[in-house]
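So that the names make sense, note that chain A is the first sequence line, chain B the second, and so on, each numbered from 1.
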Amino acid sequence: MPAKMALDAILASLFPTGRSVAVTDGLISGEGSLDGGRLVVVGIDGDTPLGVEGALALSRTVLDAMKVGDKAPILVAVDSDSQRMSRRDELLGLYECLAHLAKTLLLADRLGHPTVGLIYGHSAAGAFIATALATRVLAALPGANPSVMDLPSVARITKLPLDKLEAMAASTPVFAPGLDNMVATGAVHAVLDPAQPLDAQLSALIADLPAGDTRDRLGRERGGRPVAQAIAERVVSQARGG
Amino acid sequence: MESLTFRHTTQKPLPGTKREAITGVVASGNLEVLLERVLAPDACEVAVETAINGYGDVWEAVVADFVARAQPGGLRISINDGGARPDTVALRLLQGVRLMEA
Amino acid sequence: MNEWRQERAARDARIAAGSAFATGKVVAAESVTDLLEAVLRPGDRVCLEGDNQKQADCLARGLAACDPSRIHDLHMVQSGIVLPEHLDVFETGVAKRLDYSYSGPQGARIAKMLYGGQIALGAVHTYLELFARYFVDLTPHVALIAGVSADRDGNLYTGPNTEDTPTVVEATHFKNGLVIAQVNEIVERVPRVDIPGDRIDFVVEADRPFYVEPLFTRDPAAMTETQILIAMMAIKGIYAEYGVKRLNHGIGFGTAAIELLLPTYGERLGLKGQIATHWALNPHPTLIPAIESGWVKQVHCFGSEVGMDRYIRERPDVFFTGSDGSLRSNRAFCQTAGLYACDMFIGATLQIDLMGHSSTVTQSRVAGFGGAPNMGSDPHGRRHPSDTWMKAGREAQTSGEPSLMRGRKLVVQLVETFGDGLVPTFVERLDAMELAKKTGLELAPVMIYADDVTHIVTEEGIANLLLCRDADEREQAIRGVAGYTPIGRGRDRAKVEDLRARGVIRRPEDLGISALDADRSLLAARSIKDLVHWSGGLYEPPAKFRNW
Amino acid sequence: MAPTDPNHARPIGDDPSSPIAPATAGRRSSAGRTGSDHRSDPVRLEMSWYEASARQRVAAFLDADTFEEFVGPTERAMSPHLPLFELPRAFDDGIVVGRGRLDGKPVLVAAQEGRFMGGAFGEVHGAKLVGLLRAALEVRPAAVLILFDTGGVRLQEANAGETAIAEAMRAITEVRAAGIPVVGLIGGRAGAYGGGGLIAGTCARLAVSESGRISVSGPEVIETNRGAEEFDSRDRALVWRTMGGKHRRLTGGADAYVADTVAAFRDAALDLIARAPAFDLATLEAEQARLEARLTRFGTCRDGADIWARLGINDAQAVPAMTDAAFTEIAAGVPEASHDAR
């Protein structure tokens, strides 16, 4: 697996003319300029788990970006752990905080802020859904390692031997961790080339944003989700007829 | 997983006009039974997908008793089994037939 | 001249030795091992109280920590082998011989230690048998018992789980033995005196409250349609048929389902007051709806159950309670009540063979008996008639002089044809026989012998063994309710149909019951929370049973 | 986000025609009823939500005989992946979707079956929900109702499940933005865990019963990762004080608390549909303020009961044992419980 690209290197490549982006307690927020306009950056760095405070800090940034009125694109850069697993986070309603963060990103997109996710490290489970997956398109850098659960944990829960799971993982993208599999399911729209300037690649992505949610179509085309699109369309078609 | 299919001839069709019904849930020790009135009135087919291998003879006996008792002519019955005991299987089959007779 | 007071002198010497670690009778928890090393002698018979609901666990830990060079070869005589420490003492050599009744949670380990020869086993008893032997040939030299509280004079409050304590103290104290009690707290005045202080020699204030496990709580949420169907058949085909008023229930889900069907299905059948009025039973939470609906006249208990204390206090018309209001249970008396004063025992088992012998052992576990064989046996010493007993007797005995006929206790096995993991309940040969061979037991650990069993109820029907006239009929009656197990499929169909025509086998439809009616909506409570509601908030279930 | 259902359910009755009456119905006064009775079957309405299967819930919840299923079991749209794991499939992949009427109003409805694979999201399961939400944009029903019963992502199809959850969340915001309320109902045995909790948090309104649980990480997952000192998953009372229906209602994590009957969920759904917040900047600003205030006020609390006490409930310890009626009264007096900020 290629090494993951460091956040600083990513930002440098994105914003060759300078930026003001801070990372506090693993939370990324700030902005830089892209194509003569603003690009707002939020996200999580350093394999940090996302808890209630982090989610609300990020959503605050996204809400503030919406209030500026410039419809600036929003980049959600992610190298996170899963959601923070604790009694306190659940007691305080982590599901609401994570959903709220996702909703702010989805609303921003509706209100004309192009939203792009960028996974450059790890991410998993609730943290992944509430951030990178709540954007219009999700891009990745080689070395990224999204997962729902690592294979040893899957082995423990499914009571299947690890070597059998590893063999299955090689041929079945639907359950195995890793970037290639998330690309195959359609969750990751595109993998960027770290050797080329990222600003141009991001601009190209934004210029070519799909109108709707194309993830299930990509999943079918790439073979990672063979039936999802057809099933969803069958439901729509039956709902329509009658 | 094991797939089993049993075909029987019945003396009469199952009363009622309902085209299809489903009962039960696939869970540990439980099963779902899907019944469809699509066969000839004196035919019954029971197709089983079971999580537990090696109980073909028990399935055969349960299905034969069920067919003799319920005379489910015309029904194709499809079962997804999560390892139910024979008595649970027999009960679900009877529950399914009752739905079809309604 | 004969010396007639040697035992008493020995007891006095033990007390004197132990007093070095006591203030009056009171001993601190950290001194338990010192105390035990001072009062015990190698080879002593020791009863380390291990009940269902009350464990002398602090004393057990103290005993397990004794130096085996000083204390060794003890002969443990106790009803329950429940805690790990109960077996640790055999590993260290502190103990050598064992006579006991029940070893549910330690069943696998005890089997291994029996194979390995670490334990010299006397016998596995029923409760009443072991208690009886306390007064004949297994009288303890030292009893280590447990209670909730004591005063400084040793007056002991056992709490609602009195269980074995009076029996153990009676046998030990009055035959020159020494009694040491652990209590959760020392108080100025105990709520009630279950054991007078002059029978207690030392009192240990335990480092933590004794361990209690909710053994008798069955969550209605886990009850299946099959269990409900079986319960319906039992109510209609046995309780109603024989008018069973005085009874004992096992602790499985099947009998718990019966308890929950009384106020619904039983009510619909018009049986209230006609059946199930007088009980020998632990305070099962699933009995609450029947009690609240006025079905239950009274209940005597072997022990209590976690979470039932407040409820019992508020229902003194139903339960036996002390002047303080809390339950007074007593295992010996309740076992006796179950044996002689109940007309029916009904409970589950793991294996039944073609004769009707049943057993709860598997090849790798020696679970012991507890009290089921006492409940589940026909007492030949019974002399009082009842309609139920006489009717069963008439069914069993068709010839001979009617006035010399004796009745029969109903002993009912309530089983599903398959157990967990699709393991058949009906077998050619009990695992118990294999186990006896492997461990060198003279008696195979049979829970209930075939000649005591009167009925077997499965989801396929009821087999009335009283009506079987020979061994072949009996075998076919058992095969005839054994469902799709190999035993059941090996039936002679014609013979089974003949038995059905004679009413020896009764199918659900013969009883006017449709399997389709066996629905969870029939349960008076479908969750632990429902039981709490029924109890008016008095039942306080332990955390693991809550979903709120 | 593993399936976390701790209630290893034994089989129960599943015949849609057999009513599961409330167990202690004879002792309770019958639930207060709305004027919508005439449209639905009164016996079925009294069935226990918790006990009922997904199909039973849908059939009883909607106006009688109005449910039409999409991609129903005879279409055999089953998981293409479970056979690889030697696991049995279900004809509906554990979710029932379709259309029906609720008090005469056309609605779309999805119901998860918590007993099949813990109600978890697999490829087909997720796609059926996503399809239903996309259909709402075309057919414009009066509401979309999601009857949650899920442990989260189905591990055997984890990537597909996770992606479907993200698709469903986006689709919900689109449906809401189109002015169609999306209402979640939570009272099944599997709760709404993992990604199911996030989807729930995206809905416009939520109704929950006492046994309903909403959470991201399940107690067992937290215990496995952080130890029993962090979360003793066997302490069931703690589980409910942390993520159970009453706690969620008191803190405003759910907008209605209902008794465990189909009738109660139906009434709540009708009420919530009528007062669903818009999906706009004002709502999300309000939600931001609401959640920030929660962290400020309760961030140091260790236990649900501490929070309830700070909410001004006199006998916070008594909350878990409270009857539904008593609790509803208490919740009505807690200002934080009711809001339009979702």
Answer yes or no: is there a donor N or O on one side and an acceptor on the other, between the side chain of D:R213 and the main chain of D:R189, under 3.5 Å?
-> yes
Is it true that a side-chain atom of D:R99 and a backbone atom of D:E68 form a donor plus acceptor pair closer than 3.5 Å?
-> no
Sidechain N-carboxylate O distance under 4.0 Å for D:E223, D:R234 = no
Does any N or O in the side chain of D:W49 come within less than 3.5 Å of the main-chain N or O of D:A264, such that one atom is a donor and the other an acceptor?
-> no
Anything in residues 53-71 of chain B with a heavy-atom distance to chain D below 4.5 Å? Please list those residues in order.
-> none
Step through the shown structure and confirm whether more than 12 heavy atoms of other residues, nucleotides or ligands are within 6.0 Å of NZ on B:K18.
-> yes
Backbone N/O of D:D93 and side chain of D:H125: donor-acceptor pair under 3.5 Å = yes
Judged by atom type as modelled, is there a donor-acceptor pair below 3.5 Å linking the side chain of B:R7 to the main-chain atoms of B:E45?
-> no
Any donor-acceptor N or O pair under 3.5 Å, side chains B:Q95, B:R92 | yes
Salt bridge present between D:E113 and D:K128 (N-O < 4.0 angstrom) | no
D:R76 charged N/C atom sitting above D:F91 aromatic ring, 6.0 Å / 45° | yes
Side chain, backbone, both or neither of B:E49 within contact of chain D (heavy atoms, under 4.5 Å) | neither
Output the residues of residues 72-81 of chain B for which the shortest heavy-atom distance to chain D is under 4.5 Å, in residue-number order; output 'none' if no such residue exists.
-> B:R76, B:S78, B:I79, B:N80, B:D81
